[in-house]
Amino acid sequence: MSSARPKRALASRKAKAKSELYRRAASTVAYWRGEQFVLENFLTRQRISADPLAASILHFFDRYRSLKDLFVRFPDYAPASLRKAVHSLVEYSFLESQTHAAPHYKELAAWGEWNPAASFFHFSTKDLSFEVDAAKEFREVVELVQSKPMPQPIKSYPKARRIPLVEPTVSGEFAKVLLARRTWRKFSSQPVKLDALNKVLALTWGIQNFVDVPKIGKIAVKTSPSGGALHPIEAYLFARNVEKLPRGMYHYNGAQHRLELLKRGATSKQITQWLANQWWYGGAAFVVFMTAVFGRSQWKYDYARAYRAMLLEAGHLCQTFCLTATWLNLAPFCTLAYADSAIEKALGLDGVSESVVYVAGAGVRPENEEQAHLLSGSEVAMLKL
């Protein structure tokens with residue numbers, strides 16, 4: 001009696017496997033790397049080398065089909081080997097079963113014609129594993145310079161006709177702000193004034209006005225350009241040391257010019273963890289996470305090139321932020337080294353319809369501004385190179 005139940009359970013599992021339906025994961029791409037045929041699921045970031053037969057199997061499962069259907073389609077292969085191949089493809093997320101469909105399938109499908117070019121690039125470059133040992137990273141750069149000289153930051157045409165330009169006369173507040181902009185890595189422990197934060201948010205991400213376009217509707221105008229005036233970039237404020245503002249994560253509403261509290265609490269440790277262990281940014285008074293709401297741009301632009309426009313827009317906004325913060329005598333910074341999924345989880349985002357694309361922040365300038373933009377000699381010595 002006791003041995004009968006496991007047998008029935010085994011038979012039940014086999015019957016369920018035969019009746020299970022499978023479909024190719026929409027986030028699957030295939031390419032050759034040298035002599036290897038590679039399958040990659042850019043949403044789950046699974047990558048394997050495979051036999052070209054796997055591509056035939058994936059091609060077959062363009063919609064939900066059963067193992068029985070597969071056996072009929074490939075009569076020259078033993079059912080056991082086909083079943084094993086399917087199980088492997090399921091294990092590595094290249095096939096999904098009807099009872100265990102991949103998360104965010106609908107959100108990814110909404111990318112439409114942006115798939116697979118833009119989505120492949122976006123998701124396959126998320127959650128990069130950054131070096132946490134600063135000393136090791138610095139040594140690697142030193143070794144790189146020794147083996148391969150650093151590229152020159154300019155380009156020249158020696159044989160072209162040369163027309164000298166007069167050295168510009170730099171004067172006025174705008175020019176001074178441009179020349180003063182730097183990436184800061186040291187900050188005072190003093191809090192940023194709420195008025196300064198108010199100005200930097202309003203002048204960077206705030207909607208200045210709306211323009212009524214006939215037959216289209218009202219479009220928003222900001223201080224930075226936006227492709228199609230669609231403004232896909234949102235701003236989330238992580239306030240750690242701002243005068244009269246409780247610590248926490250906020251969403252900045254650029255139309256109403258207000259902060260919307262999402263979560264209380266903010267620490268230097270969180271900043272360091274989210275920003276790839278860049279401990280020098282842990283002392284910042286606040287950080288701004290810029291996200292892209294992809295559907296806004298996808299509404300008008302049904303081609304992958306528009307993804308470039310969103311990245312460029314984040315860059316426009318970040319430079320506006322840095323210049324505005326510099327004008328306010330703050331110490332701004334920006335970075336692309338961050339933990340995408342961890343930040344998106346903290347923000348309550350799915351990471352597919354809305355995702356982090358850039359990070360900036362600022363603090364009060366330190367009393368001693370020497371070496372505030374780079375690691376000082378003593379700090380480099382602490383790395384024990």
Side-chain angles (χ1 to χ4, degrees), residues 125-145 150 181-192 197 200 204 235-242 247-250 263 265-292 311 314-315 317-319 321-323 325-326 330-347 349 351 355-385:
T125 55
K126 287 182 65 173
D127 296 315
L128 184 64
S129 180
F130 293 96
E131 178 58 63
V132 298
D133 186 340
K136 181 180 179 181
E137 182 179 24
F138 195 89
R139 281 195 298 269
E140 288 176 350
V141 175
V142 171
E143 292 173 1
L144 178 61
V145 170
M150 184 183 298
R181 190 221 57 82
R182 292 292 184 275
T183 296
W184 292 71
R185 291 177 174 82
K186 291 182 181 178
F187 312 93
S188 168
S189 60
Q190 295 297 313
V192 165
L197 175 65
V200 78
T204 304
Y236 293 84
L237 172 74
F238 189 67
R240 187 191 69 86
N241 191 17
V242 179
R247 292 187 175 193
M249 184 76 81
Y250 298 83
K263 191 178 298 183
T267 66
S268 295
K269 183 178 179 180
Q270 287 173 291
I271 295 175
T272 300
Q273 290 177 336
W274 286 336
L275 302 190
N277 203 44
Q278 297 177 94
W279 48 266
W280 43 90
Y281 293 141
F286 67 88
V287 174
V288 179
F289 300 109
M290 283 179 268
T291 68
L311 298 183
L317 289 163
C318 191
Q319 176 71 340
F321 165 81
C322 290
L323 292 175
T326 301
L330 296 178
F333 71 89
C334 53
T335 180
L336 199 59
Y338 55 81
D340 306 64
S341 294
I343 296 170
E344 288 160 1
K345 182 178 180 181
L347 294 174
L349 307 179
S355 186
V356 180
V357 293
Y358 211 179
V359 179
V364 173
R365 295 185 181 185
E367 290 185 9
N368 182 5
E369 296 186 9
E370 185 179 356
Q371 296 290 339
H373 314 301
L374 300 169
L375 293 178
S376 67
S378 60
E379 286 169 325
V380 171
M382 287 173 60
L383 298 179
K384 300 179 181 179
L385 301 176

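Numbering of residues begins at 1 and proceeds along the displayed sequence.
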Could you give me the CA-CA distance, side-chain angles and deciding distance for Arg365 and Trp184, then say whether side-chain contact (heavy atoms from CB on, under 4.5 Å) is met?
CA-CA 8 Å; Arg365 295 185 181 185; Trp184 292 71; 3.5 Å; yes

Would you kindly say whether Glu344 and Ser355 are connected by a side-chain donor-acceptor distance under 3.5 Å?
yes

Exercise: do Gln278 and Thr272 side chains pair donor with acceptor under 3.5 Å:
no

Whether Lys136 and Glu143 form a salt bridge (side-chain N of Lys/Arg under 4.0 Å from carboxylate O of Asp/Glu) is what I want to check.
no

Can you check whether [Y]'s main-chain N or O pairs, donor with acceptor, with [X]'s side chain at less than 3.5 Å?
X	Y	answer
Asn241	Ser189	yes
Tyr236	Val356	no
Arg247	Ala266	yes
Asp340	Asp127	yes
Lys186	Glu369	no

[X] versus [Y], closest heavy-atom pair with distance:
X	Y	answer
Ala360	Cys318	CB-SG, 4.1 Å
Ala284	Phe187	N-CD1, 3.7 Å
Ala362	Phe321	CB-CZ, 4.0 Å

Suppose we screen for ring pair (Phe, Tyr, Trp, His ring centres under 6.0 Å). Which residues come up paired with Phe238, at least two apart in sequence or across chains?
Trp274

Suppose we screen for side-chain contact (heavy atoms from CB on, under 4.5 Å). Which residues come up paired with Ala292, at least two apart in sequence or across chains?
Ile233, Phe294, Met310, Val357

Under the side-chain contact (heavy atoms from CB on, under 4.5 Å) rule, what do Gln270 and Arg240 come out as? Steps first, then yes or no, please.
CA-CA 10 Å; Gln270 287 173 291; Arg240 187 191 69 86; over 6 Å; no

